[in-house]
2 protein chains.
Amino acid sequence: MLKKSQKTGFSGGHDLGCMRMTTEMTERSRKILEVIVDDYIASGEPVGSRAVTKRHNLDLSPATVRNVMSDLEELGFLASPHTSAGRIPTEKGYRYYVDCLLQLRELTPKEKRSIEASCPGINGLDKLFQEAGKALSALSSHAGIVMAPRFTTTIYKQIEFVRLSRGKLLVVFVSESGLVQNKVIDADETLTQEDLVKITNYLNEMLSGMNISEVRAKISSEMKQERHLYDKLVGKALELSGAVLKEELGGQLFIEGASSFLDQPGIVDMGQMKRLFRAFEQKNTLIDLLDKSQQAAGVQIFIGSEHELAQIDGCSLVTANYQNVHGTIGTLGVIGPSRMAYSKVIPIVDYTARLISRMLETGDDKEI
Amino acid sequence: MLKKSQKTGFSGGHDLGCMRMTTEMTERSRKILEVIVDDYIASGEPVGSRAVTKRHNLDLSPATVRNVMSDLEELGFLASPHTSAGRIPTEKGYRYYVDCLLQLRELTPKEKRSIEASCPGINGLDKLFQEAGKALSALSSHAGIVMAPRFTTTIYKQIEFVRLSRGKLLVVFVSESGLVQNKVIDADETLTQEDLVKITNYLNEMLSGMNISEVRAKISSEMKQERHLYDKLVGKALELSGAVLKEELGGQLFIEGASSFLDQPGIVDMGQMKRLFRAFEQKNTLIDLLDKSQQAAGVQIFIGSEHELAQIDGCSLVTANYQNVHGTIGTLGVIGPSRMAYSKVIPIVDYTARLISRMLETGDDKEI
DNA sequence: GTTAGCACTCCAGCAGGTTGAGTGCTAAAA
DNA sequence: TTTTAGCACTCAACCTGCTGGAGTGCTAAC
């Protein structure tokens with residue numbers, strides 16, 4: 001775990017470059033910025049010069065601190081809600097804090113155990129993701145968010161057809177990691193049970209072990225090639241599987257503990273709260289955002305308007321990817337107000353992502 | 001559709017008995033109560049005597065209306081927030097209104113089409129329920145709520161086993177209505193692929209067409225009976241299926257559009273809002289409530305504290321059941337503040353429940 | 001460069017006054 | 001007997017002016 005004065009270097013949308021600033025930022029002003037952000041995160045109240053000197057014995061007078069704060073405001077790290085309130089961090093201020101000043105907390109064994117206990121073995125991936133989201137939420141006191149693997153990144157394992165009432169066919173698709181997708185499609189009724197078995201075997205043999213992009217390509221090429229040659233059943237098989245896989249399934253998003261947003265003492269803007277909850281309901285904008293964060297490795301932090309989602313304005317997002325043996329397949333994290341305890345949230349997200357990765361890689365959750 | 005002055009007779013927790021009251025309630029006081037409730041539902045503001053006479057030409061002076069309102073308050077149908085505000089309906093007032101005064105609106109063809117359009121054929125039951133919830137929410141401007149069929153009411157159709165990594169087995173269970181449940185279980189690695197096929201065939205042959213309670217009983221009795229007699233594979237099959245079915249799965253709850261609760265102009269009590277959203281997240285208390293409402297037929301209305309859920313205090317719930325050929329299997333409805341437009345919401349819930357029933361019965365959504 | 005002092009600003013809270021909506025009561029009218 | 005008009009009363013909502021406190025910016029001294 002990172003120690004003080006090491007650079008944490010979390011990347012987000014912007015690269016503020018915490019080095020570029022050091023010409024203007026003395027060690028002292030850094031310390032003061034840190035104290036202010038810490039204080040504000042803890043209290044939610046604007047921080048005044050006197051509070052800075054009092055709570056952390058800096059051997060400086062309030063007047064001196066005021067001068068530094070004034071500089072910090074000019075640099076864009078702080079802002080005052082009004083003349084005679086204290087200062088609060090700007091987004092830029094949070095960014096600098098996270099990039100250069102943050103001292104991460106170790107997770108306590110109790111917290112680790114708490115996360116582990118929430119993921120009681122894999123019995124159904126959906127369940128696992130949901131529980132992970134709940135754990136993230138419970139420990140961070142913000143909303144936990146888990147994006148299930150996108151369909152395209154999964155590996156074909158098996159397909160099954162179940163005949164429902166008249167002309168309806170349930171197709172169950174299973175990926176290697178245990179992700180299950182199902183869909184009902186229309187199918188002509190001439191297909192017998194044996195036909196279905198043959199189709200199943202044919203598809204499973206041909207496609208097993210491919211990822212979904214490959215599967216799509218394969219089906220498409222086979223369809224062209226074999227249209228007039230082989231027997232009708234093969235054509236049917238391709239048609240059915242094509243129908244199932246043509247849609248972009250998956251990328252399912254689990255959001256847990258969204259109600260923690262209502263815990264903020266004085267809810268500032270009800271309109272924003274509405275937009276936020278609506279974004280949680282629609283999910284697709286969030287999915288896009290998480291897709292982006294899936295490009296980079298490690299813990300990523302998006303502060304305020306760094307993500308372009310106007311709907312979740314004023315919120316920050318801490319994410320990390322999880323992997324299986326084939327590489328990164330999904331993203332999880334915490335979403336909360338920009339004023340969140342990053343030092344606590346980051347290790348939680350990091351640890352949870354690693355835990356999920358291990359579980360998906362080994363299929364074993366006992367030994368971490 | 002019901003017309004004015006017919007009794008609607010929706011039942012809820014309490015039976016106020018709209019007849020017992022008529023000794024005290026004249027035609028005129030009924031009319032005034034109706035106007036007040038209508039007005040309050042429309043405006044959200046306490047209704048004064050003058051507003052009653054103005055907006056609905058009753059040929060009565062405000063003073064007369066005041067006398068009647070005073071009576072209605074004494075009877076417990078109205079309450080005043082404070083001395084010089086108008087009156088608002090009590091829960092009892094809503095109950096009387098819903099039972100005796102309500103004039104249901106017909107759905108417009110546009111609304112019907114809107115509901116139908118939201119359920120674009122069954123491609124996956126989960127998806128269907130979710131979309132139905134969204135439709136309920138969109139049309140009612142409140143939260144839509146759909147409870148998927150409980151596992152115990154479903155009919156066994158098919159079971160499939162898919163081998164995942166080391167020792168993990170994915171079990172996919174399909175019910176006759178197309179409900180899919182999957183679960184990962186541990187299984188010893190000695191089972192070959194052929195063993196699995198045999199197990200699958202054995203189970204599907206033995207259990208097909210039974211409901212889940214029967215299936216459980218059957219497995220249990222078979223296990224006792226055959227433990228020492230037949231080959232090991234049968235025992236294994238029973239063991240596996242038992243592991244899958246022993247849990248109470250299903251009863252999944254879809255809640256859509258919860259954010260509409262935030263649309264209320266002046267949010268009264270933030271604490272209540274929190275409790276509400278937390279109840280939506282936990283779901284199980286709501287599931288219990290909906291389970292209860294599944295006993296009775298037709299549209300059911302729970303107003304305010306008639307349901308015992310303190311968490312959703314001040315909210316009303318309008319529900320209806322949906323059926324397939326085997327009878328009632330699930331519940332859907334709308335949950336919103338007690339001050340909701342019942343005349344609009346009730347037909348929406350009713351129509352949606354019928355639509356879902358038809359779709360589940362015929363497997364065809366074209367012709368309604 | 002740092003600090004003390006001072007004037008200034010602004011929010012929060014409180015008291016007092018006003019307005020308007022709505023009520024309850026009473027006495028007169030129907 | 002029922003309905004209505006009139007009047008006094010109440011109370012929330014709003015505005016106002018006032019005060020205290022927290023915090024700032026500036027300047028001059030250390």
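This structure is a prediction, so every number in the text was calculated from the model and none was measured. All heavy atoms count here, side chains included; hydrogens, waters and symmetry mates do not. Numbered from 1 within each chain, the chains take letters A, B, ... in sequence-line order.
Of the candidate nucleotides C/dC10, D/dT4, C/dT23, D/dT4 has the atom nearest to the side chain of B/A63. Relative to the side chain of B/T64, the nucleotides C/dT2, D/dT4, C/dT3 differ in distance, and D/dT4 lies closest.
Atom CD of A/E45 and atom P of D/dG21 are 18 Å apart (whole Å). In this structure, the CD1 atom of B/I32 is 10 Å from the P atom of D/dT3, given to the nearest Å. In this structure, the CG atom of A/N67 is 13 Å from the C1' atom of D/dA28, given to the nearest Å. The distance between atom CG of B/D71 and atom P of C/dC25, rounded to the nearest whole Å, is 12 Å. Protein atom CG of A/L78 is 15 Å distant from nucleotide atom P of D/dG23, rounded to whole Å. Distance B/L60 CG to C/dA30 P: 17 Å, rounded to the nearest Å. In this structure, the CZ atom of A/R66 is 15 Å from the P atom of C/dA7, given to the nearest Å. Protein atom CE of A/M69 is 9 Å distant from nucleotide atom P of D/dG23, rounded to whole Å.
Residue whose closest nucleotide on DNA chain D sits further toward the 5' end, between A/E73 and B/H82: B/H82. Residue A/S61 is the one, among A/P81 and A/S61, whose nearest nucleotide of DNA chain C lies closer to the 5' end (criterion: closest heavy atom).
Of the charged side-chain nitrogens involved, at least one lies within less than 4.0 Å of a carboxylate oxygen, so that A/D263 and B/R278 count as a salt-bridged pair. A salt bridge does not link B/K134 to A/E281: none of the charged side-chain nitrogens sits closer than 4.0 Å to a carboxylate oxygen. Looking at A/R66 and A/E73, no side-chain N of the basic residue comes within less than 4.0 Å of a carboxylate O on the acidic one, giving no salt bridge. Ion pairing between A/E111 and A/R105 holds under the 4.0 Å rule for side-chain N and carboxylate O.
The phosphate of C/dG22 (OP1 or OP2) has no side-chain N or O of B/S49 nearer than 4.0 angstrom. Distances shown here put a side-chain N or O of A/R87 below 4.0 Å from the OP1 or OP2 atom of D/dT24.
In this pair, A/F277 and A/F261 present their aromatic rings perpendicular. The plane angle is above 60°, beyond the 30 to 60° band.
Counting any heavy atom pair closer than 4.0 Å across all strands shown, A/S84 reaches a base atom.
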